[in-house]
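Right, one structure below, let's go through it.
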Amino acid sequence: MQRTKIVDVINSQPTNEAVTVMGWVKTFRSNRFIAINDGSCMDNLQAVVDFEKWDAVLLKKIAPGAAIAVTGSLAASQGQGQAVELIVDQLEIFGESDPSSYPLQPKKHSLEFLRQIAHLRFRTNTFSAVFRIRHYMAFAIHQFFHERGFYYIHTPVITASDAEGAGEMFQVTTLNLNSIPRTEEGNIDFKKDFFGRAANLTVSGQLEAELAAMAFSQVYTFGPTFRAENSNTPRHLAEFWMIEPEVAFADATDNMNLAESMLKYVIQYVMEHCKSELEFLNQREQDEDKQKPAQERNEMGLLDRLRFVLSNDFERLTYTEAIEILKQSNPNKKGKFQYPIEQWGADLQSEHERYLVEKHFKKPVILSNYPKEIKAFYMRQNDDGKTVAAMDILFPGIGEIVGGSQREERLERLQKRMEELHIPQEEMYWYLDTRRFGACPHAGFGLGFERLILFITGMTNIRDVIPFPRFPGNAEF
RNA sequence: GCCUCUUUAGCUCAGUUGGUUAGAGCGUCGGACUGUUAAUCCGCAGGUCCUUGGUUCGAGCCCAAGAAGGGGCGCCA
């Protein structure tokens with residue numbers, strides 16, 4: 001079918017040549033003006049029908065949500081809201097949309113309501129903007145790595161390794177759950193299962209990415225990740241997308257530099273390519289803020305926040321320095337923290353991270369060199385014997401957006417740590433082999449894609465930045 | 001998983017100390033108007049007050065249990 005996309009029509013000069021546009025009706029005003037959107041941009045095309053020349057029964061079918069095609073000449077608009085409009089000569093209704101049962105009315109809807117009709121919410125301005133930005137962000141990430149000579153590695157979605165230690169896993173099985181085969185001891189007989197052993201959905205592609213990095217030097221993964229945690233927050237999903245670069249011949253500082261430049265690259269890219277989407281979301285947030293008490297409003301608007309992050313270095317400090325700041329902080333002294341900071345070694349709670357990012361530094365913060373007790377087995381042990389070369393990047397309003405580390409490349413140290421944490425080494429022989437054959441300093445991190453979308457779009461619930469969110473008790477659509 | 005708030009028309013919400021027939025805006029439907037910008041104006045319709053049980057002469061309102069949704073916390077990206 002031959003059609004011109006609205007994004008191409010809306011910015012062209014009035015040619016008075018015939019064009020055909022296909023899309024979905026947003027509104028039909030005054031029985032004359034059809035606002036049509038085809039998802040190619042924020043803007044609607046205004047199509048003008050002379051209602052006296054058209055059958056009233058046909059015009060009645062131009063209702064919000066209907067799919068239509070209009071053909072006509074492109075003219076300079078007489079109205080104020082748009083430069084050009086299409087004067088309709090031909091009109092075709094592909095699919096009607098009954099106004100009394102179509103849930104999207106030309107009015108403001110709550111995000112909670114739209115979440116329940118996620119199959120239709122793509123058609124709203126807000127979600128149209130969010131998911132177009134999501135696309136550009138994914139594209140920007142690939143471009144960032146490609147430009148720097150990274151290779152995109154597809155790590156497995158199904159894994160038999162349960163030693164990754166990143167959280168509860170979803171089991172993958174073809175066994176008949178109504179009659180599970182048992183061993184003589186009465187345990188489940190996974191030998192009869194599809195893979196001949198217990199299998200799960202991946203919680204991270206990192207370990208496999210490390211294997212690839214030991215050949216290609218620089219690799220990254222970008223794929224779905226699954227966590228069976230019973231997490232009920234606006235920042236967690238059971239199925240989310242994660243970007244995990246892994247770099248050979250790199251240390252903790254290289255790791256931070258890579259993460260910071262990548263985040264800035266993506267923000268910069270979206271600001272360049274999604275101007276109207278960001279302007280819309282910026283305005284939307286401003287309107288929302290007007291309804292809120294002054295205390296809950298954003299100190300800076302969305303666009304200002306993005307510009308601010310681009311033009312400032314992330315604050316880098318060690319865990320130990322952070323503990324000192326928190327110890328001396330007013331909320332700690334006045335007992336305002338639910339979990340008071342008393343001594344070195346405590347895990348930071350989100351109230352502490354929020355204080356550092358939102359109150360103390362007021363910008364993204366990179367925390368490094370955490371106590372080894374609160375971090376994963378594969379992180380490189382520092383010379384002090386107490387800390388590991390971990391780093392977390394914390395963003396205002398969202399918290400942890402990146403978690404990474406320089407990896408422990410020294411075989412003996414790694415094995416000792418695995419022993420201490422009761423991680424089965426036989427199963428992980430392939431991971432340990434990289435430390436046996438040509439081990440080198442290397443580092444990497446995991447970036448939560450949806451959390452970055454939250455920051456860039458100003459949305460506040462992670463369920464609104466993935467098309468079909470998966471979370472405890474919900475796998476609808 | 002823990003804490004907390006919410007649930008009233010299609011949507012967003014109001015509903016007084018427990019008292020007759022539960023309201024508004026927007027939307028739908030009908031009509032008017034016709035260069036509008038979530039068009040405007042007039043009118044009609046639309047309710048399992050989340051569910052179940054209880055207290056009471058009487059419950060949208062009080063009590064208990066449950067369900068769904070939001071927010072906070074934990075786990076983390």
Side-chain angles (χ1 to χ4, degrees), chain A residues 26-35 43-52 59-60 63-64 75 77-82 85 87 97-117 124-125 164-168 203-206 222-244 259 287 291 296 337-339 347-354 374-376 392-395 398-404 445-455 460-466 471-474 476:
Chain A
K26 271 283 175 61
T27 61
F28 186 28
R29 289 182 295 266
S30 292
N31 217 14
R32 188 188 292 275
F33 305 102
I34 316 169
D43 290 320
N44 302 322
L45 173 70
Q46 171 153 293
V48 185
V49 287
D50 189 348
F51 58 86
E52 284 157 348
L59 294 183
K60 196 76 201 154
S77 179
Q78 299 172 35
Q80 293 298 313
Q82 56 285 314
E85 60 191 17
I87 310 300
S97 178
D98 176 18
S100 63
S101 52
Y102 185 60
L104 294 175
Q105 302 151 5
K107 71 181 286 269
K108 188 177 145 47
H109 291 288
S110 68
L111 295 173
E112 289 82 4
F113 172 67
L114 294 171
R115 214 170 287 150
Q116 290 163 25
I117 51 166
T124 64
N125 287 331
E164 291 169 35
E168 293 295 312
V203 292
S204 164
Q206 178 201 316
F222 187 171
T225 310
F226 306 88
R227 303 274 167 91
E229 305 284 352
N230 191 11
S231 299
N232 287 291
T233 84
R235 296 178 303 280
H236 290 85
L237 290 166
E239 177 183 289
F240 63 100
W241 289 68
M242 190 154 64
I243 294 103
E244 295 177 288
D287 295 342
Q291 313 291 322
E296 290 170 28
F337 282 144
Q338 196 187 338
Y339 300 89
D347 207 349
L348 297 183
Q349 306 295 320
S350 60
E351 60 179 346
H352 306 134
E353 298 179 346
R354 289 243 295 279
I374 58 174
K375 288 290 179 185
D392 284 357
I393 302 186
L394 311 175
F395 263 44
I398 293 149
E400 187 176 345
I401 202 164
V402 162
F445 61 84
L447 165 74
F449 187 50
E450 284 79 11
R451 288 188 179 174
L452 183 57
I453 305 177
L454 283 179
F455 182 76
T460 52
N461 192 315
I462 202 163
R463 296 170 187 179
D464 295 331
V465 297
I466 188 167
F471 51 95
N474 195 299
E476 190 71 40

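Each chain gets a letter, A, B and so on, in the order its sequence line appears, and its residues count up from 1. Just the heavy atoms: all of them, side chains too, but no hydrogens, waters or symmetry mates, feed the values below.
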Quiz item: A:Glu85 side-chain donor-acceptor pair to B:rG35 base, under 3.5 Å: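 By the distance-only test, yes, there is a pair.
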Should [N] form a Watson-Crick or G-U wobble pair with both distances under 3.5 Å, which nucleotide is its partner?
{"N": "B:rG10", "result": "B:rC26"}
{"N": "B:rU17", "result": "none"}
{"N": "B:rA64", "result": "B:rU52"}
{"N": "B:rC2", "result": "B:rG72"}

So what does [X] touch, heavy atoms closer than 4.0 Å: a base, only the sugar-phosphate, or nothing?
{"X": "A:Lys108", "result": "base"}
{"X": "A:Gln116", "result": "nothing"}
{"X": "A:Gly446", "result": "sugar-phosphate"}
{"X": "A:Tyr339", "result": "sugar-phosphate"}
{"X": "A:Gln291", "result": "nothing"}
{"X": "A:Lys60", "result": "sugar-phosphate"}
{"X": "A:Thr225", "result": "nothing"}
{"X": "A:Ser101", "result": "nothing"}
{"X": "A:Leu237", "result": "base"}
{"X": "A:Ser110", "result": "sugar-phosphate"}

For [X] and [N], what is the distance between atoms [atom1] and [atom2] respectively, to the nearest whole Å?
{"X": "A:Gln82", "N": "B:rG35", "atom1": "CD", "atom2": "P", "value": "15 Å"}
{"X": "A:Tyr102", "N": "B:rG27", "atom1": "OH", "atom2": "P", "value": "16 Å"}
{"X": "A:Leu348", "N": "B:rC76", "atom1": "CG", "atom2": "P", "value": "12 Å"}
{"X": "A:Leu447", "N": "B:rA77", "atom1": "CG", "atom2": "P", "value": "11 Å"}
{"X": "A:Phe471", "N": "B:rG74", "atom1": "CZ", "atom2": "P", "value": "20 Å"}
{"X": "A:Arg235", "N": "B:rC75", "atom1": "CZ", "atom2": "C1'", "value": "11 Å"}
{"X": "A:Gln349", "N": "B:rG74", "atom1": "CD", "atom2": "P", "value": "5 Å"}
{"X": "A:Phe33", "N": "B:rU37", "atom1": "CZ", "atom2": "C1'", "value": "9 Å"}

More than 12 heavy atoms of other groups within 6.0 Å of A:Glu296 CD: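 Yes, CD of A:Glu296 has more than 12 neighbouring heavy atoms, counting only those of other groups under 6.0 Å.
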Centroid under 5.5 Å and tilt under 30°, A:Phe240 to B:rA77: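 Stacking between A:Phe240 and B:rA77: present.
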Nearest to the [X] side chain among [options], which nucleotide is it?
{"X": "A:Glu112", "options": "B:rG72, B:rG69, B:rC76", "value": "B:rG69"}
{"X": "A:Asn461", "options": "B:rG71, B:rU34, B:rU28", "value": "B:rG71"}
{"X": "A:Thr233", "options": "B:rC75, B:rU36, B:rG69", "value": "B:rC75"}
{"X": "A:His109", "options": "B:rC76, B:rU12, B:rC11", "value": "B:rC11"}

How far does the [atom1] atom of [N] sit from the matching atom of [M], given to the nearest Å?
{"N": "B:rA77", "M": "B:rC5", "atom1": "C1'", "value": "28 Å"}
{"N": "B:rA59", "M": "B:rU20", "atom1": "P", "value": "12 Å"}
{"N": "B:rU16", "M": "B:rU7", "atom1": "P", "value": "12 Å"}
{"N": "B:rC42", "M": "B:rC33", "atom1": "P", "value": "15 Å"}

Per-nucleotide protein contact string for nucleotides 39-47 of chain B (B base, S sugar-phosphate only, - none; heavy atom under 4.0 Å): B--------
Inter-residue atom distance A:Phe113.CZ - A:Leu104.CG, 0.5 Å rounding: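 One gets 7.0 Å once the value is rounded to the nearest 0.5 Å.
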Stretch residues 43-51 of chain A: residues that reach within less than 4.0 Å of RNA chain B through a heavy atom: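 Hits under 4.0 Å, by residue number: A:Gln46, A:Phe51.
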Any side-chain heavy-atom pair of A:Gln338 and A:Glu351 under 4.5 Å: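 Yes, close enough: below the 4.5 Å cut-off.
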Name the pairs: protein N/O against N/O of nucleotides 2-10 of chain B, kept only if under 3.5 Å.
unit_1, atom_1, unit_2, atom_2, d
B:rG10, N2, A:Gln105, OE1, 2.9
B:rG10, N3, A:Gln105, NE2, 3.2

